[in-house]
Every structure is written in structure tokens, then in C-alpha cells.
Amino acid sequence: MKFPINDIVTLLDERLEFNLAESTNKDLILNEIWDDEFSKELKNLKLEYGTSKGNKKLREKIGEKLNVDKNQIVITNGAVFGIFLSMLCLCENGDEVITVQPNFPPSMDLIEGLGFKRVLIKLSFEEEYQIDINKLFSLITNKTRLIILVSPLNPTGTIHSKEEILEISERLNNQYPNCKLIIDETYREATYGDNDVIKTYAGLRENIITISSLSKSYGTPGLRIGWLQSSDQKFVEQVGVAKTNTVISNSVLDEFVALKVLNKEFEILENRRIHSITGLELTKNWVEQNNELVNWTEPKAGALCCIKLNEKRFAKDNIEEFYSLSKAIGIQIANGEWFGEPKRYFRLGFGYLDTEKLDFTLNKLSEILIKATTNKVNSFEL
Ligand SMILES: Cc1ncc(COP(=O)(O)O)c(C=O)c1O
């Protein structure tokens with residue numbers, strides 16, 4: 001078994017100052033949740049093993065959020081581990097997993113990494129990353145054990161409608177009862193300003209597994225706390241066993257902090273939603289100002305979106321020039337290849353930097369767009 005190499009690892013290992021590549025919201029600093037009680041409880045925290053399904057209070061709290069019983073919840077080391085455990089528990093040698101492309105790379109690469117057959121359904125910029133359900137069903141076989149959809153999607157911030165998800169779930173139930181549907185809702189709560197939070201799919205159908213975490217909307221990716229929810233009790237038990245056999249438990253320290261984060265849920269999210277809407281507005285203006293050079297799909301949630309470098313102005317060389325000029329001045333860009341797209345597309349994260357820095361970085365990026373299209377235009381092979 002081999003995991004495909006993906007350059008997205010640079011996002012962890014080579015952080016540049018003007019980071020437009022991040023998908024998370026403003027980092028949470030411990031000070032935001034620190035008070036006397038926190039300090040007292042932390043001092044007395046026993047660093048014992050956690051439980052196989054995770055801290056009971058944390059599962060209750062997440063159950064309340066999703067309006068399901070805590071017995072449907074397993075705490076995972078980030079959302080990514082929920083996807084890993086699902087695949088591990090549902091698939092055998094020779095089984096197939098379908099997911100969308102573009103996508104968060106581990107969702108695509110874990111499939112091959114774990115030795116299963118990966119089947120990708122391509123979503124396109126031109127179709128605003130919407131899914132063709134009949135095309136999806138044409139890819140399903142009797143060996144398909146899992147379909148992973150992501151809503152809101154990384155890198156685009158686009159969503160699937162409730163009608164679409166219910167139709168897929170219903171048709172699977174009728175035609176492929178051995179195939180489950182993961183809805184990765186990691187960006188569900190990362191809405192903008194006063195926009196309504198996207199409703200969870202938790203508890204809606206037995207063949208739907210929902211996955212999420214505190215990483216994006218709360219700005220705590222370093223906490224490594226996520227969760228998996230399913231109303232199929234046998235599957236939940238299996239996941240608990242698989243978790244014990246791989247990592248034993250979550251870190252009790254992470255779980256303690258996660259509870260404190262959720263106790264201040266309202267303030268933390270409100271603060272980040274205000275920050276995101278400002279970032280979104282700045283990005284919108286930037287796209288409008290540069291509309292001869294770039295185009296975008298406006299996101300519905302998640303502090304990220306997909307930008308396309310205009311075909312008429314960016315040939316292969318110009319695209320390379322764009323990335324190299326950005327890197328040279330410390331602007332980090334998430335190039336489309338990370339997500340299974342051509343380099344003509346890139347993900348722009350507008351929730352991570354402080355507003356002033358985001359504004360500054362976008363202005364610099366406008367200069368780079370112009371330079372990259374005027375410096376040298378050698379070939380227009382596409
Ligand atoms: C769609 C999606 N799912 C899951 C994850 C993993 O998040 P976590 O930090 O909770 O493991 C990411 C991270 O980028 C993501 O974009």
C-alpha cells in the first residue's frame with residue numbers, strides 16, 4: 001500500500017507569510033477560552049487513556065448540536081480520521097470507493113493508500129461544481145461500499161442540495177443497500193456573517209454517515225478533534241473497535257480543550273463569521289477588479305473559493321510565472337493540482353489572515369496577475 005505524494009504537504013511544512021492557501025478560519029488562541037475554571041481544571045486533568053468512542057461529555061455536546069443521541073457519535077482525530085475509519089470498517093480487498101474531484105486530497109488518496117479501488121466523479125468549474133446524479137450512479141457497481149461527498153466542498157465552498165443528498169441516499173438504499181454515503185460536513189458551520197448555518201445531514205437516513213470537526217469553523221485544526229456520526233449502531237461499534245486498534249483513544253487533553261471550545265461555541269463562531277464575511281467581500285471586490293484576468297465560483301460556506309486564471313490571458317508559461325512570482329514575495333497559493341484540478345485553478349482562502357493582511361496580499365496578487373501576463377508570453381499551448 002502506498003499513499004500518492006501530494007504537494008499539499010507544503011501547507012504544513014513550508015508556511016509562507018502571506019498565506020492565501022489555508023482552508024481554516026482565523027486560528028483560535030487558547031487565551032480566547034482561558035479563564036480561572038479552565039486553569040483549575042487543566043491543572044487537575046489526569047493524563048489517562050481516553051475511551052474508545054471518546055469523551056462522554058464531548059459526545060453528548062456534539063449529539064446536542066446534531067440533534068442525535070451520543071451513541072451515534074465517535075470522536076476522531078480530526079475529520080480525516082473519521083473518513084479513514086469508515087473506509088477501514090466498510091471495505092474489503094477489491095472494494096471500490098467513489099468520491100468527487102476536486103476534493104480535499106486525503107479523501108481521494110486514502111482510498112488508494114488503503115488499497116481499495118478509487119473511482120472519481122469529476123465536478124467542473126463551468127457547472128459550478130454541481131453533481132450529476134445519473135452520472136454518479138453509472139459509476140456504482142456491486143463492489144462500491146462507500147461514496148464520499150463533501151458539502152460545503154473544499155476547495156470550492158459549493159454545496160449539494162438536501163434534495164440531491166436525499167435522492168442519492170434513497171436510490172442507494174433501493175439499489176445498493178451495501179453502500180454507505182459519507183457527507184463530509186467539515187465546513188458546514190463556517191458560514192458568513194448572519195447567513196443561516198447549513199443544516200446537518202446527521203440522523204436523516206441510516207445509510208448516511210456524517211463527518212465533521214472543530215478544525216475549520218472554529219479555527220482549531222491543531223486540536224485534532226473531529227467526529228463521525230451514524231445511526232447504524234453496528235457500524236458505530238465497529239468504528240470504536242477500529243479506533244482502539246489504531247490509536248487506542250483521542251488525547252484527553254485535546255478532548256478537554258474541545259469541550260471548552262464548544263462551551264464558547266457561540267462567541268467563537270460569531271467572531272469568525274464576521275471575519276469571514278469581511279474576507280469574502282474583499283475577495284469579491286478583488287475578483288471584480290481583476291475580471292479580465294480571473295473568474296471564480298462564489299462559495300456558499302467555508303472561508304475558501306476556487307479562482308480560475310483566464311484562458312485568454314494565461315498560457316502555460318504565464319501560469320508558471322504567476323506561481324513563481326507569488327512564491328518569491330511570500331504569497332502562498334493552493335494550486336489546483338493539489339485537489340486534482342489543472343494549475344489554471346487555485347484555491348483562495350480568505351478566512352485565515354487578518355483583514356489588513358488579506359487586503360495587502362490581494363493587492364499584491366493583483367500586481368502579480370498583471371506581471372505574469374505581461375512579463376513573458378512565449379507560448380500559448382494549453
Ligand atoms: C473537506 C475536508 N474534510 C476533512 C478535512 C480534515 O479536517 P480535520 O483537520 O478535521 O482532519 C479537511 C481539511 O482540509 C477538509 O477540507
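Keep in mind that the numbers below use all heavy atoms, side chains included, and drop hydrogens, waters and symmetry copies. All ligand and atom numbering here is 1-based and tracks the order in the structure.
For E367, the salt bridge (Lys or Arg N to Asp or Glu O under 4.0 Å) criterion is met by K364, not counting sequence neighbours.
Residues Y218 and S213 are not in side-chain contact: their nearest non-hydrogen atoms beyond the backbone lie 4.5 Å or more apart.
Here ring pair (Phe, Tyr, Trp, His ring centres under 6.0 Å) pairs that include residues 75-106, with residues two or more places apart or in two chains, are F81-F84. Legend: ring pair (Phe, Tyr, Trp, His ring centres under 6.0 Å) pairs involving residues 159-182, not counting sequence neighbours: none detected.
Listed for the N295 side chain is no donor-acceptor partner under 3.5 Å among the backbone atoms of K308.
For ligand 1, the 4.0 Å heavy-atom shell takes in S23, G78, A79, V80, F104, V150, N154, D184, T186, Y187, S213, S215, K216, R224, ordered by chain and residue number.
Under the 3.5 Å distance criterion, with hydrogens and angles disregarded, no donor-acceptor pair is assigned to the side chains of Q289 and S366.
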